[in-house]
Amino acid sequence: MNERYNFNEIEKKWQNYWEENHSFKTVEDESKEKYYCLEMFPYPSGKLHMGHVRNYSIGDVIARFKKMDGYNVLHPMGWDSFGLPAENAAIKHGTHPSEWTWNNMAEMRAQLKELGLAYDWDREVATCHEDYYRWMQWIFIQFYKKGLAYKKENPVNWCPDCQTVLANEQVVDGCCERCKSPVGKKNLSQWYLKITDYADRLLDNLETLDGWPNKVKIMQKNWIGKSTGAEVQFEIKDYEETLTVFTTRVDTIYGTTYMVLAPEYPSVLKMVEGTEYEQPVKEYIEKVEHMNDIERTSTTNEKTGVFIGKYAINPFTKKEIPIYISDYVLMGYGTGAVMGVPAHDQRDFEFATKFGLDIIPVVDPGDPEVDLNNLTCACAAEGTLINSGEYNGMNNKEAIEKFAEVVEQWGIGKKTVNYRLRDWLISRQRYWGTPIPMIYCEHCGWVPEKEENLPVLLPTDVEFTGKGESPLTTSATFGKTTCPVCGAEAKREMDTMDTFLDSSWYFLRYCDPKNSEAAWDPKKANYWMNVDQYIGGVEHAILHLMYARFFNMFFYDLGLVKTEEPFKNLLTQGMVNKDGKKMSKSIGNVVSPEEIIKTYGADTARLFILFAAPPDRELDWSDAGVEGSYRFLNRVYRLVYEITEKYPEIPAEFTVSGSADKSLNYMLNAAIKKVSEDVGGKFSFNTAISSIMELVNEMYKYKEGENINVGLLGKAVKDLILILSPFTPHICEEMWHHIGQTESVTEMSWPEFDPSALVKDEVEIVVQINGKLKDKLSVPNNMDKAELEKVAMDSEKVQALLEGKTVVKVVVVPNKLLNIVVK
RNA sequence: GCCGGAGUGGCGGAAUUGGCAGACGCACAGGACUUAAAAUCCUGCGAUCCUUACCGAUCGUACCGGUUCGACCCCGGUCUCCGGCACCA
């Protein structure tokens with residue numbers, strides 16, 4: 001060990017050591033308790049950013065700690081390597097997406113290794129590798145076989161200029177992010193996964209996820225958006241068809257004064273055909289078609305709509321009510337038809353006001369401030385029914401149940417549940433993704449590729465123009481095949497899968513990454529799953545984390561995994577900002593991990609990022625703060641160096657005696673305890689580090705004192721290195737070997753604290769008068785209440801302060817505090 | 001609009017969950033070492049007041065109120081900021 005802390009040399013040295021010794025290789029071992037620590041794998045964009053560094057530093061501390069704590073730790077890393085940027089790079093630079101991606105992965109892998117992350121690199125997976133996407137295709141076919149994958153024509157985002165479908169994320173302010181032209185809707189036949197079949201389980205299971213942040217659970221709950229209500233059928237006057245509405249407020253049905261359909265409602269055109277309403281209705285539908293989602297769903301819009309010339313009949317009042325179409329009703333939710341109750345729904349109120357429709361109050365909240373005959377806005381409050389025939393006086397909550405029963409008896413409706421959650425559109429007109437392993441045959445329709453023929457490989461003879469359909473269509477060979485059922489000539493599906501599918505099961509592939517017979521061996525998955533700790537950005541709170549849960553439930557149903565939920569505990573880390581703003585190229589406040597590692601080393605970068613803020617909070621990057629972390633590591637290094645220089649022989653046996661010894665021993669054991677708790681479960685890395693800093697300060701003080709107990713000091717050095725090692729592994733490995741250890745610090749057991757060292761001989765008691773701090777007393781530990789009270793009352797200071805006062809009461813908390821209440 | 005979360009020194013953040021508010025670090029100021037600087041070490045560092053100074057006093061965890069011997073912590077209300085959902089019937 002050098003006199004000076006040369007992080008460059010040290011870090012390379014130990015990274016090579018770990019690699020050569022396969023220090024983090026893991027195999028299944030039934031005799032040991034397992035711990036699966038997982039961080040969200042990155043998209044190989046080319047360079048690591050600080051968000052990655054934070055994410056992986058957190059995971060690394062946990063993984064290293066758990067390993068030292070005796071667990072068999074699985075800590076893998078891989079690449080979410082399919083996706084659009086590779087294709088855009090191909091268009092821009094003329095490189096193949098594959099080349100671009102693999103180059104990036106190599107570069108980022110090197111950066112991850114520079115951070116000294118304890119991964120089992122033998123388990124590395126890349127979703128763009130045929131060994132991976134082969135099983136992705138197999139999984140898709142299992143979905144298909146269970147009836148959970150289907151093809152359907154639906155309106156999707158369409159850029160007329162680029163001639164392609166766009167993902168929702170690629171539509172910015174209603175325009176194509178690449179060419180800026182307005183995005184429209186187009187009906188396309190696309191593949192969907194029936195995630196809605198799992199809506200209830202996805203929702204109900206949230207209750208069991210005790211180890212998840214509440215915030216994420218609520219976000220998923222909102223996203224699933226379950227609402228219970230009823231469907232009710234309305235007859236149409238002089239027309240044979242009926243219309244069914246969905247409502248959560250069937251209790252207000254007597255107040256229904258009109259009906260609205262979504263403009264896309266299938267039978268609207270038929271209903272107006274040949275009437276004077278045909279023209280205006282068509283015009284309105286066309287206008288709505290040209291609106292993007294932002295325009296259409298804005299709540300600030302004034303209500304618009306068109307009367308279609310027909311009347312529905314309210315089944316309860318038998319009154320005729322006019323039927324409109326309006327863009328505020330969405331075809332994709334409920335039935336696409338809504339009963340308009342202006343008195344009790346704000347949207348309906350606005351619509352009715354605009355079109356001069358009746359507003360009939362049917363629920364009286366009994367609130368004197370609400371003038372039911374002169375409403376200025378809809379009244380959504382609970383109350384009793386009025387204007388509701390025989391049901392007047394009934395509580396409206398009861399009426400919800402009652403009316404649902406009534407419509408069911410009449411055979412015109414039933415209680416139903418609706419979800420905001422939609423089926424998952426997984427088709428992408430892209431090249432760089434998993435080919436959907438489906439084949440279209442004239443005779444047999446859509447059939448899956450035979451499982452033994454997988455993978456359906458991505459062809460290499462394709463062009464990337466950024467225009468037209470999927471680049472797969474430009475391949476001379478890809479599309480032509482034969483039907484797996486009848487053998488006739490057939491065509492392959494040209495679309496690829498949404499990359500969110502790839503990332504929905506990678507945690508299972510890590511359990512058995514090289515399996516060529518199956519996606520994974522359930523035995524291995526049963527050993528490792530579920531993930532004990534998952535760590536990643538909160539931006540994945542809904543999509544990724546819900547898709548992965550959906551997949552895992554499906555695998556559970558197939559008997560491929562033993563738990564429904566894949567992630568037992570979840571930690572969502574906060575963003576890394578600079579000067580209070582998100583780091584971004586356009587603002588120019590990006591701090592690159594590369595530079596920091598070059599200037600200060602990986603250990604400093606890791607330490608700072610863990611020390612500067614609790615993991616789930618935002619972290620503001622501070623150059624001065626990094627300096628501070630660097631200074632601390634230098635301080636530790638110097639401490640160890642100086643001690644070993646001065647005391648080449650450290651006795652193994654020693655006794656703790658004298659106040660200085662006791663104080664150091666106390667600090668040492670307190671730090672071990674604190675770090676164990678903070679890293680082991682609370683994930684409060686910042687306070688763990690601060691307790692190590694306190695220990696280091698104490699050791700410096702002790703070292704300069706008299707009567708040095710070399711044995712004790714040596715023990716402190718040893719434990720200090722051990723408890724610091726999960727945070728800053730390189731420097732600790734260096735110091736560990738320097739103090740004469742021959743095994744890697746990563747193979748060591750986590751030190752245990754000695755509870756007796758934490759028992760102080762004397763404790764400080766706070767003396768309060770009327771709750772205000774007045775004095776502090778040093779008394780023997782565990783002094784009993786009565787004696788404590790006596791000692792306190794006898795103290796000069798208290799005596800003086802009590803002059804002329806009457807003591808009403810004395811509250812004593814042993815070993816802590818004493819409060820004298822006076823008048 | 002609905003649903004969450006948060007508000008503590010100049011800054012990042014602590015506080016065993018009702019018991020010394022401000023640990024640890026950063027910044028700043030003063031000092032030591034040095035020809036000098038860097039590095040390092042030592043001291044101070046919530047506000048106001050009193051005092052020559054030491055000692056001390058009062059206030060202080062967004063704001064107002066409550067419970068309690070005692071409140072950053074519990075309860076009621078208000079404000080601000082952040083996040084999610086949102087014409088979902």
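Per chain, numbering begins at 1; letters A, B, ... match sequence-line order.
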Worksheet item: When you look at NZ of A/K221, are more than 12 heavy atoms from neighbouring residues, nucleotides or ligands closer to it than 6.0 Å?
Response: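 Not more than 12 within 6.0 Å, no.
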
If only side-chain N and O atoms of [X] are considered, is one of them under 4.0 Å from the OP1 or OP2 phosphate oxygen of [N]?
{"X": "A/N222", "N": "B/C2", "answer": "no"}
{"X": "A/Y700", "N": "B/C41", "answer": "no"}
{"X": "A/R617", "N": "B/C82", "answer": "no"}
{"X": "A/R635", "N": "B/G25", "answer": "no"}
{"X": "A/N697", "N": "B/G25", "answer": "yes"}

Worksheet item: Since syn is defined as within 90° of 0, does B/G22 count as syn or as anti?
Response: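 Classified anti.
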
Worksheet item: Hey, is B/U17 sitting syn or anti, using the within-90° cutoff around 0?
Response: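 Judged by the O4'-C1' to base torsion, B/U17 sits in syn, the angle falling within 90° of 0.
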
Discussion item. Quick check: on RNA chain B, is the nucleotide nearest A/K674 upstream (toward 5') of the one nearest A/R420, or the reverse? Name the residue that is more 5'.
Written reply: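 The residue mapped nearer the 5' terminus is A/K674.
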
Practice prompt. Between A/S684 and A/I820, just flag the one whose closest nucleotide in RNA chain B comes earlier from the 5' side.
Written response: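 The residue mapped nearer the 5' terminus is A/S684.
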
Report the base-pairing partner of [N] (Watson-Crick or G-U wobble, both distances below 3.5 angstrom), or none.
{"N": "B/U52", "answer": "none"}
{"N": "B/U78", "answer": "B/A62"}
{"N": "B/G83", "answer": "B/C3"}
{"N": "B/C69", "answer": "B/G19"}
{"N": "B/A14", "answer": "none"}
{"N": "B/A38", "answer": "none"}
{"N": "B/A29", "answer": "B/U43"}

Whole-Å [atom1] distance, [N] and [M]:
{"N": "B/G22", "M": "B/G30", "atom1": "P", "result": "26 Å"}
{"N": "B/C26", "M": "B/G83", "atom1": "P", "result": "31 Å"}
{"N": "B/U35", "M": "B/A27", "atom1": "P", "result": "27 Å"}
{"N": "B/C11", "M": "B/C2", "atom1": "C1'", "result": "35 Å"}
{"N": "B/C54", "M": "B/U61", "atom1": "P", "result": "27 Å"}
{"N": "B/C87", "M": "B/G66", "atom1": "P", "result": "44 Å"}
{"N": "B/A53", "M": "B/C63", "atom1": "C1'", "result": "39 Å"}
{"N": "B/C64", "M": "B/C69", "atom1": "P", "result": "23 Å"}

Side chain of [X] only, heavy atoms from C-beta on: which candidate in [options] is closest?
{"X": "A/V338", "options": "B/A21, B/U40, B/A89", "value": "B/A89"}
{"X": "A/V811", "options": "B/C69, B/G4, B/U40", "value": "B/C69"}
{"X": "A/K215", "options": "B/G13, B/A89, B/G4", "value": "B/G4"}
{"X": "A/A613", "options": "B/G13, B/A14, B/C20", "value": "B/G13"}
{"X": "A/I542", "options": "B/U40, B/C85, B/A14", "value": "B/C85"}
{"X": "A/K774", "options": "B/C41, B/G25, B/U58", "value": "B/U58"}
{"X": "A/A624", "options": "B/A14, B/A89, B/C26", "value": "B/C26"}

Base, sugar-phosphate, or nothing: which does [X] touch, judged by heavy atoms less than 4.0 Å apart?
{"X": "A/S227", "answer": "sugar-phosphate"}
{"X": "A/G628", "answer": "sugar-phosphate"}
{"X": "A/D327", "answer": "base"}
{"X": "A/R4", "answer": "nothing"}
{"X": "A/V329", "answer": "base"}
{"X": "A/E618", "answer": "sugar-phosphate"}
{"X": "A/L330", "answer": "base"}
{"X": "A/V821", "answer": "sugar-phosphate"}

How many whole angstroms separate atom [atom1] of [X] from atom [atom2] of [N]?
{"X": "A/E789", "N": "B/C69", "atom1": "CD", "atom2": "P", "result": "16 Å"}
{"X": "A/F611", "N": "B/A23", "atom1": "CZ", "atom2": "C1'", "result": "10 Å"}
{"X": "A/I609", "N": "B/G25", "atom1": "CD1", "atom2": "C1'", "result": "16 Å"}
{"X": "A/K682", "N": "B/U17", "atom1": "NZ", "atom2": "C1'", "result": "10 Å"}
{"X": "A/K776", "N": "B/C55", "atom1": "NZ", "atom2": "P", "result": "14 Å"}
{"X": "A/D616", "N": "B/G83", "atom1": "CG", "atom2": "C1'", "result": "13 Å"}
{"X": "A/I769", "N": "B/A57", "atom1": "CD1", "atom2": "P", "result": "11 Å"}
{"X": "A/Q768", "N": "B/G19", "atom1": "CD", "atom2": "P", "result": "11 Å"}

Worksheet item: Between CG of A/L773 and CG of A/D775, what distance do you get to the nearest 0.5 Å?
Response: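 The CG atom of A/L773 sits 8.0 Å away from the CG atom of A/D775.
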
Discussion item. Can you tell me how far apart CG (A/N781) and CD (A/E762) are? Round to the nearest 0.5 Å.
Written reply: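 Here the interatomic distance stands at 9.5 Å.
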
Worksheet item: Can a salt bridge be assigned to the pair A/E401 and A/K415 using a cut-off of 4.0 Å between side-chain N and carboxylate O?
Response: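 A salt bridge is present here (some side-chain N lies under 4.0 Å from a carboxylate O).
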
Discussion item. Check this for me: does any side-chain nitrogen of one of A/D327 and A/K303 sit under 4.0 Å from a carboxylate oxygen of the other?
Written reply: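 Not counted as a salt bridge, because no side-chain N and carboxylate O are separated by less than 4.0 Å.
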
Practice prompt. Evaluate the criterion side-chain hydrogen bond (donor to acceptor under 3.5 Å, both in side chains) for residue pair A/N314 and A/Y258; output intermediate values, then yes/no.
Written response: CA-CA 9 Å; A/N314 185 332; A/Y258 68 102; over 6 Å; no

Discussion item. Quick check against the 3.5 Å criterion: does A/N686 have a side-chain atom that pairs as donor or acceptor with the backbone of A/A612?
Written reply: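 Judged by distance alone, no pair lies under 3.5 Å.
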
Practice prompt. Please lay out, stage by stage, how A/K673 and A/E677 fare under the test salt bridge (charged side-chain N to carboxylate O under 4.0 Å, His left out).
Written response: CA-CA 6 Å; A/K673 181 168 189 262; A/E677 287 168 358; 3.5 Å; yes

Report yes or no: is there a donor-acceptor pair, N or O only, under 3.5 Å between the side chain of [X] and the base of [N]?
{"X": "A/N819", "N": "B/C69", "result": "yes"}
{"X": "A/K303", "N": "B/C87", "result": "yes"}
{"X": "A/K809", "N": "B/C69", "result": "no"}

Discussion item. If we check side-chain hydrogen bond (donor to acceptor under 3.5 Å, both in side chains) with A/R249, which of these qualifies: A/T252, A/T247, A/D251?
Written reply: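 Result: among A/T252, A/T247, A/D251, A/D251 is the only option passing the side-chain hydrogen bond (donor to acceptor under 3.5 Å, both in side chains) with A/R249.
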
Worksheet item: Is a side-chain donor-acceptor pair under 3.5 Å present for A/Q573 with A/R617?
Response: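 Judged by distance alone, the side chains do not pair up.
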
